[in-house]
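Below you'll find the structure, written out as structure tokens, and then a few comments.
Only this structure's heavy atoms are used, side chains among them; waters, hydrogens and symmetry mates stay out. Throughout, residue positions are numbered sequentially from 1 according to the sequence presented.
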Amino acid sequence: MYCGGPSQTMDHVIPFSDGGADNMSNLVPACRHCNLQKSNKTPAELFIGWDLRYRWSGKGTAQKSDSSGMSLRDMYLSVHQETLALLDDLDTVAAEIADQKRREWFIWATPWKYPYDLGVEYYRARFAEEVQKAKVEGWPDSRPESVKQRNA
């Protein structure tokens with residue numbers, strides 16, 4: 001969710017230690033590294049911290065420019081829209097995870113196609129049409145017929 005790499009853990013969007021719910025609506029996939037770095041921060045705190053750590057030279061002040069020509073204030077404002085987009089993505093992913101019918105469809109419709117190693121963005125683009133079609137159809141039962149008959 002945070003770096004676009006393969007996910008190995010589930011992260012509490014609102015940290016559990018800060019009262020975040022321990023249920024599917026507050027969980028998103030994350031790699032171990034991002035999950036450890038996020039720790040008990042909110043996604044916005046994590047993202048803004050990463051951005052400023054890598055772009056801020058440490059010279060200048062919050063109001064005056066550093067060698068790149070941007071003040072700390074300017075850098076924060078420039079990352080604000082990106083942070084809002086990240087929060088929108090988090091809402092989308094959390095809603096997808098919380099939707100039981102979607103999870104069941106996804107598990108049966110994609111296991112042989114989803115090796116988890118190319119990152120979320122790749123798979124969203126790759127399966128966008130299939131996902132949209134299934135959503136319109138109400139997440140149809142995509143289990144193999146043999147499984148449907150066994151569970152009937």
Self-check item: Contacts of His33 that satisfy side chain to side chain donor-acceptor pair (under 3.5 Å) - sequence neighbours left out
Solution: Gln37
Practice problem: To the nearest 0.5 Å, tell me how far Leu46 CG sits from Met1 CE. | Solution: 11.0 Å
Quiz item: How many angstroms lie between CZ in Arg143 and CD in Gln149, if you round to the nearest 0.5 Å?
Solution: 10.5 Å
Self-check item: With sequence neighbours excluded, residues passing side-chain contact (heavy atoms from CB on, under 4.5 Å) with Ala44
Solution: Thr42, Thr83
Quiz item: Between the main-chain N or O of Pro15 and the side-chain N or O of Asn40, is there a donor-acceptor pair closer than 3.5 Å?
Solution: no
Exercise. Could you tell me the separation between the NZ atom of Lys148 and the OG atom of Ser142, rounded to the nearest 0.5 Å?
Key: 7.5 Å
Quiz item: If you look at every heavy atom in Cys31 and Cys3, which pair is closest and at what distance?
Solution: SG-SG, 3.8 Å
Quiz item: Can you get from Leu36 to Ile48 by hopping between Ile, Leu, Val, Met, Phe, Trp and Tyr side chains that sit under 4.5 Å apart?
Solution: no
Quiz item: With the 4.5 Å side-chain cut-off for hydrophobic clustering, are Met10 and Val13 part of the same group?
Solution: yes
Quiz item: Are Phe16 and Val28 joined in one hydrophobic group, where the rule is that I, L, V, M, F, W and Y side chains link up if heavy atoms are under 4.5 Å apart?
Solution: no
Quiz item: Quick one: OH on Tyr2 to CG on Leu90, what's the gap to the nearest 0.5 Å?
Solution: 5.5 Å
Quiz item: What do you reckon, is NZ of Lys41 surrounded by more than 12 foreign heavy atoms closer than 6.0 Å?
Solution: yes
Practice problem: Look only at the side chain of Asp99 and the backbone of Lys101, and say whether a donor-acceptor pair between them is shorter than 3.5 Å. | Solution: yes
Quiz item: For the residue pair Pro43 and Leu86, what are the closest heavy atoms and their distance?
Solution: O-CD2, 3.9 Å
Quiz item: Mind checking what makes side chain to side chain donor-acceptor pair (under 3.5 Å) contact with Asn35, not counting sequence neighbours?
Solution: Thr9
Quiz prompt | Rounded distance (nearest 0.5 Å) linking atom CG of Leu87 with atom OG1 of Thr92 | solution = 11.0 Å
Quiz item: Which pairs count as salt bridge (charged side-chain N to carboxylate O under 4.0 Å, His left out) when at least one residue sits in residues 22-33, sequence neighbours excluded?
Solution: none
Quiz item: With sequence neighbours left out, which residue pairs that include part of residues 1-14 fulfil the salt bridge (charged side-chain N to carboxylate O under 4.0 Å, His left out) condition?
Solution: Asp11-Lys38
Quiz item: More than 12 heavy atoms of other residues, nucleotides or ligands under 6.0 Å from CD of Glu137: is that the case?
Solution: yes
Quiz item: With sequence neighbours left out, what residues match Ala134 under side-chain contact (heavy atoms from CB on, under 4.5 Å)?
Solution: Trp105, Trp139, Pro140
